[in-house]
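Inspection log for the structure reproduced underneath, given as structure tokens.
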Amino acid sequence: MYRRLASSLLGRRVRHPRFTPVCLRQDSGGCDRWEEEKKEDGVKWTQLEHRGPYFAPLYEPLPDDVHFYYDGKPLKLSLATEEIATFYAKMLDHEYTTKEIFQNNFFNDWRKEMTLMEQKIITDLDKCDFSEIHKYFVDKSEARKALSKEEKQKLKEEADKIQEEYGYCILDGHREKIGNFKTEPPGLFRGRGDHPKMGMLKKRIMPEDVIINCSKNSKIPKPPEGHKWKEVRFDNTVTWLASWTENIQNTLKYIMLNPSSKLKGEKDWHKYEVARRLKDVVQKIRAQYRADWKSKEMKNRQRAVALYFIDKLALRAGNEKEEGETADTVGCCSLRVEHIKLHRELDGQEHVVEFDFLGKDSIRYYNKVSVEKPVFKNLKMFMKNKDPADDLFDQLSTCILNKHLQKLMDGLTAKVFRTYNASITLQEQLKALTNPDDNVAGKLLSYNRANRAVAILCNHQRSIPKTFEKSMQNLQAKIDAKKQQVEEAKQELKNAEDEFKDTKDDKAKANVEKKKKLLKRLEEQLAKLNVQATDKEENKQIALGTSKLNYLDPRISIAWCKKFGVPIEKIYNKTQREKFAWAIDMADEDFEF
DNA sequence: ATGAACACTTAGTACCACACTT
DNA sequence: AAGTGTGGTACTAAGTGTTCAT
């Protein structure tokens with residue numbers, strides 16, 4: 001019943017594309033963008049119906065023959081204590097369980113959940129032996145891997161059923177996929193980088209913690225048997241379906257729609273339209289911040305230098321963070337004196353600023369940049385009489401900066417520069433790198449290089465894959481083998497040509513053609529492998545996905561595909577095509593960012 | 001004016017299914 | 001049939017920026 005309703009909605013949608021390629025520019029006004037009537041300001045939907053979150057499975061106690069040992073002796077733990085012990089036991093071969101902060105945080109939180117008796121006994125983590133529990137879970141995961149095809153199929157069907165039931169909602173008559181419909185299971189918190197809270201206990205989310213958001217007249221989701229929701233509200237000015245407060249940072253978590261949804265798609269489109277508007281005023285803004293480098297007001301100078309960094313280097317804004325609550329990371333406005341070094345001259349360049357700091361996710365930003373002289377002089381001044389740990393821009397905050405930007409352009413904030421510079425860089429690089437005569441593989445290499453230029457600009461890194469060295473060697477071996485084949489084919493061709501010279505007969509001529517074809521094919525294969533190797537090497541430490549998904553206006557890529565006859569599937573996989581459905585619908589080959 | 005709360009986007013990693021070898 | 005490499009995805013942390021409360 002539910003299914004039939006849903007599929008009929010889907011069917012209808014196919015005949016009425018959700019994203020109509022009209023009226024991208026504000027000045028073309030007056031047309032209806034979407035099928036639905038326009039909503040009041042701030043209203044996100046008129047109908048929202050869903051099943052509520054899918055809760056993490058309850059804890060299953062360990063079998064009786066799996067023991068926890070304290071001080072060498074087996075100790076039967078209470079259910080709650082045992083559950084938390086399993087969280088730690090599962091992580092045993094991770095490096096972070098060796099860190100003191102992790103251990104202390106874990107042990108503290110663990111003890112809080114123990115019975116009085118357990119608290120009395122278990123006083124020293126070093127005396128805890130989780131190895132049997134650890135082994136139990138290793139074996140269990142092995143066993144799951146070893147399951148037969150049929151058994152795996154059955155598990156998958158069960159997962160699909162859950163997805164089908166809980167993974168979708170109805171929003172304004174459309175069945176939309178939900179992004180994260182499951183509550184996060186309990187476990188030990190893992191922050192990124194040097195996180196002061198690593199190892200703390202992340203508690204189980206109960207229905208009593210969850211706020212449901214839906215429309216009044218919809219079927220209100222039922223909490224699990226014997227439970228109640230914390231609250232049911234009907235707030236159509238927000239897009240989330242459910243929320244709860246997590247206990248580590250005391251912040252809210254939300255259940256929201258999948259990026260393929262219309263709601264998210266429109267928002268994404270809007271984001272790129274704002275960035276495109278920046279294109280029209282960016283020269284003016286640049287002229288202005290250059291002028292402000294000489295402002296009488298220190299505040300303005302700091303603002304202007306910071307903005308220069310954000311624009312030129314695509315730095316993040318850098319909000320203030322509560323000290324001691326998170327890893328020590330910074331962005332532009334929160335840079336400290338210790339994060340930059342000034343070199344009047346370095347490697348033949350003048351006025352070089354050497355950046356070295358940890359940014360979002362504790363990813364290191366290291367860069368040596370030659371800056372314009374007034375910037376250099378200003379920086380010197382900002383650093384004067386300060387300790388290394390002092391703020392570089394002590395008179396500036398993201399709030400001040402964004403207020404200033406808002407005056408320069410409606411909707412302009414610091415992050416728009418990142419979007420703008422990423423997208424414009426892709427467009428320029430594609431223009432510069434694409435050779436229309438290349439085959440598809442060659443064009444894709446160009447695309448990847450353009451994408452890579454953006455990823456480098458935005459400092460999107462990844463750890464070098466564990467298998468990198470090995471797979472590179474394998475690829476090299478393939479290349480060598482292919483080279484060998486090419487040489488052989490060359491020789492064979494030469495032989496065939498010699499024979500033809502001698503005999504001049506048709507059979508020999510046909511043989512020459514055959515050998516030529518073979519050689520050509522082999523050479524193409526070799527070229528392809530070489531391209532692969534280059535791409536792989538250049539890419540080993542760079543993550544392309546983040547910029548592709550969040551910073552590059554998809555219409556640039558789609559236009560490029562159309563212009564150069566590259567199938568869109570080569571650039572975007574299925575999920576990405578769903579996310580960028582709006583762009584695929586509207587962009588033609590003439591699209592300019 | 002300020003800071004906390006809130007809502008939303010952006011981010012890297014672990015893992016797994018699957019294709020491809022061996 | 002097992003090993004292996006890889007793309008895709010799930011997961012959830014960590015940012016940004018606005019709004020709310022005082």
Side-chain angles (χ1 to χ4, degrees), chain A residues 42 44 56 94 141 144-147 149 152-153 155-156 159 163 167 179-185 187 189-193 195 197-198 202 211 213 235 237-240 243 245-246 248-259 263-264 267-268 270-271 310 315-322 325-327 329-334 358-363 397-403 405-406 411-419 422 455 458-463 465-468 470-475 478 536 541-551 572-576:
Chain A
K44 308 285 169 53
H94 270 102
S141 116
R144 218 161 44 84
K145 272 182 219 153
L147 250 35
K149 225 178 188 168
K152 277 185 180 166
Q153 181 62 27
L155 286 176
K156 185 157 186 302
Q163 163 83 38
N180 56 324
F181 59 89
K182 294 174 177 170
T183 63
E184 294 170 17
F189 176 77
R190 272 296 302 135
R192 314 262 167 90
H195 198 114
K197 299 198 171 184
M198 64 168 82
K202 199 167 102 165
I211 302 174
N213 193 34
D235 184 354
T237 67
V238 295
T239 66
W240 51 268
S243 71
T245 303
E246 61 70 56
I248 302 287
Q249 325 255 18
N250 214 249
T251 58
L252 284 157
K253 296 253 179 174
Y254 301 94
I255 289 188
M256 288 196 191
L257 293 177
N258 186 272
L263 199 70
K264 293 283 189 191
K267 195 85 191 292
D268 207 31
H270 178 251
K271 174 181 78 184
I310 285 170
L315 299 189
R316 294 185 186 83
N319 281 315
E320 291 107 301
K321 310 175 29 167
E322 216 166 333
E325 294 290 300
T326 59
T329 62
V330 297
C332 186
C333 293
S334 50
L358 297 181
K360 181 176 178 179
D361 295 313
S362 292
I363 297 292
S397 68
T398 53
C399 205
I400 294 170
L401 179 63
N402 281 331
K403 274 201 181 118
L405 293 174
Q406 187 57 231
L412 187 60
T413 63
K415 88 187 192 62
V416 178
F417 280 87
R418 245 167 107 81
T419 311
C458 294
N459 200 40
H460 290 141
Q461 298 189 30
R462 60 167 181 175
S463 44
K466 287 181 197 81
T467 53
F468 182 83
K470 211 173 150 204
S471 79
M472 201 65 192
Q473 276 170 15
N474 289 345
L475 190 55
K478 266 190 192 169
K536 205 183 179 97
Q541 215 169 350
I542 297 165
L544 300 184
T546 305
S547 52
K548 204 173 182 179
L549 242 43
N550 300 300
Y551 287 102
Y572 293 133
N573 67 32
K574 187 162 164 283
T575 315
Q576 293 165 338

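Source: prediction; values computed, not measured.
- Rounded to whole angstrom, the span from the CZ atom of A/R144 across to the C1' atom of B/dA17 amounts to 12 Å.
- Closest to the side chain of A/R462, out of B/dA11, B/dC8, B/dT13, is B/dT13.
- Distances shown here put every side-chain N or O of A/H195 at or beyond 4.0 Å from the OP1 or OP2 atom of C/dA13.
- Residue contacts shown for A/A414 are limited to sugar-phosphate atoms, with no base heavy atom under 4.0 Å away.
- Of the side-chain N and O atoms in A/T251, none sit less than 4.0 angstrom from OP1 or OP2 of B/dA5.
- Taken to the nearest 0.5 Å, the CD atom of A/Q249 stands 7.0 Å off from the OG1 atom of A/T326.
- Place A/G179 and A/R316 on DNA chain C by their nearest nucleotides, and A/G179 ends up nearer the 5' end.
- Phosphate contact (OP1/OP2 of C/dT12, side-chain N/O of A/K182, threshold under 4.0 Å): absent.
- Proximity note for A/N550 (side chain, C-beta onward) versus B/dT10, C/dG17, B/dA7: the nearest is B/dT10.
- Side chain to side chain, A/K321 and A/T329 meet the donor-acceptor criterion of an N or O pair below 3.5 Å.
- The two residues A/N250 and A/T245 make their nearest non-hydrogen contact at C-CG2, 3.9 Å.
- Using cut-offs of 30° and 60° on the angle between ring planes, the pair A/H195 and A/F189 is perpendicular.
- Using a 4.0 Å heavy-atom distance criterion, A/G545 is classed as making no nucleic acid contact.
- Between A/K197 atom NZ and C/dA13 atom P there is a gap of 12 Å when expressed in whole angstrom units.
- Put simply, A/T329 has no side-chain N or O that comes within less than 4.0 Å of OP1 or OP2 on C/dA14.
- Residue-to-nucleotide proximity on DNA chain C shows that, of A/K574 and A/L412, the 5′-proximal contact is made by A/K574.
- In this structure, of C/dG15, B/dC8, B/dT10, it is C/dG15 that holds the atom nearest to the side chain of A/K321.
- For A/T546 and B/dG12, the shortest distance from a side-chain N or O to OP1 or OP2 is below 4.0 Å.
- Using a 4.0 Å cut-off between charged side-chain N and carboxylate O, A/K202 and A/E246 make no salt bridge.
- Within 4.0 Å (heavy atoms only), A/K145 reaches no atom of the nucleic acid at all.
- Closest to the side chain of A/N573, out of B/dA7, B/dG12, C/dT9, is C/dT9.
- Neither OP1 nor OP2 of C/dC11 sits under 4.0 Å from any side-chain N or O of A/N180.
- Atom CG of A/L358 is separated from atom P of C/dA14 by 13 Å (rounded to the nearest Å).
- Phosphate contact (OP1/OP2 of C/dG17, side-chain N/O of A/R418, threshold under 4.0 Å): absent.
- A close approach under 4.0 Å does occur between a side-chain nitrogen or oxygen of A/Y551 and OP1 or OP2 of B/dA11.
- In this model, no side-chain donor or acceptor of A/K271 finds a partner on the base of B/dT9 within 3.5 Å.
- Expressed to the nearest 0.5 Å, how far CZ of A/R418 lies from CG of A/N459 amounts to 8.0 Å.
- A close approach under 4.0 Å does occur between a side-chain nitrogen or oxygen of A/K264 and OP1 or OP2 of B/dT9.
- Taking side-chain N and O atoms only, A/K415 has a distance below 4.0 Å to OP1 or OP2 of B/dT10.
- A distance of 8.5 Å separates CG in A/N550 from NZ in A/K415, rounded to the nearest 0.5 Å.
- Distance from the side chain of A/L252 is smallest for B/dA7 among the nucleotides C/dA13, B/dA7, B/dG12.
- Each of A/K403 and A/H94 has a nearest nucleotide on DNA chain B; the 5'-most of these lies closest to A/K403.
- Atom NZ of A/K156 is surrounded by 12 or fewer heavy atoms from other residues, nucleotides or ligands within 6.0 Å.
- Using modelled atom types, one finds a donor on one side chain and an acceptor on the other under 3.5 Å when comparing A/N319 with A/T398.
- The shortest distance between the side-chain N/O atoms of A/S463 and the OP1/OP2 oxygens of B/dT13 is below 4.0 Å.
- Counting any heavy atom pair closer than 4.0 Å across all strands shown, A/G318 reaches sugar-phosphate atoms only and no base atom.
- With rounding to whole Å, A/Y254 atom OH is found 12 Å from B/dT9 atom P.
- Atom CZ of A/R190 and atom P of B/dA14 are 9 Å apart (whole Å).
- In this structure, of C/dG17, C/dA14, C/dG8, it is C/dG17 that holds the atom nearest to the side chain of A/T413.
- We find that OH of A/Y572 is positioned 15 Å from P of C/dT9, with the value rounded to whole Å.
- Note on A/N319: a base of the nucleic acid sits closer than 4.0 angstrom, heavy atoms only.
- The side chain of A/F189 has C/dA13 as its nearest neighbour among B/dA11, C/dA13, B/dC16.
- Toward the 5′ end of DNA chain B lies the nearest nucleotide of A/S547, the other residue of the pair A/S547 and A/K156 mapping further downstream.
- One atom, CG of A/N258, and another, C1' of B/dC8, lie 15 Å apart when rounded to the nearest Å.
- Using a 4.0 Å heavy-atom cutoff across all strands shown, A/L549 reaches no nucleic acid atom at all.
- Contact annotation: A/K44 reaches the phosphate of B/dC8 (side-chain N/O to OP1 or OP2, under 4.0 Å).
- With C/dT9, C/dT12, B/dA7 as the candidates, the nucleotide lying closest to the side chain of A/P185 is C/dT12.
- Put simply, A/Q249 has a side-chain N or O that comes within less than 4.0 Å of OP1 or OP2 on C/dA14.
- Look at NE2 on A/H270: it is 12 Å from P on B/dT9, rounded to the nearest Å.
- A/K202 has a side-chain polar atom (N or O) that falls below the 4.0 Å cut-off from OP1 or OP2 of C/dA13.
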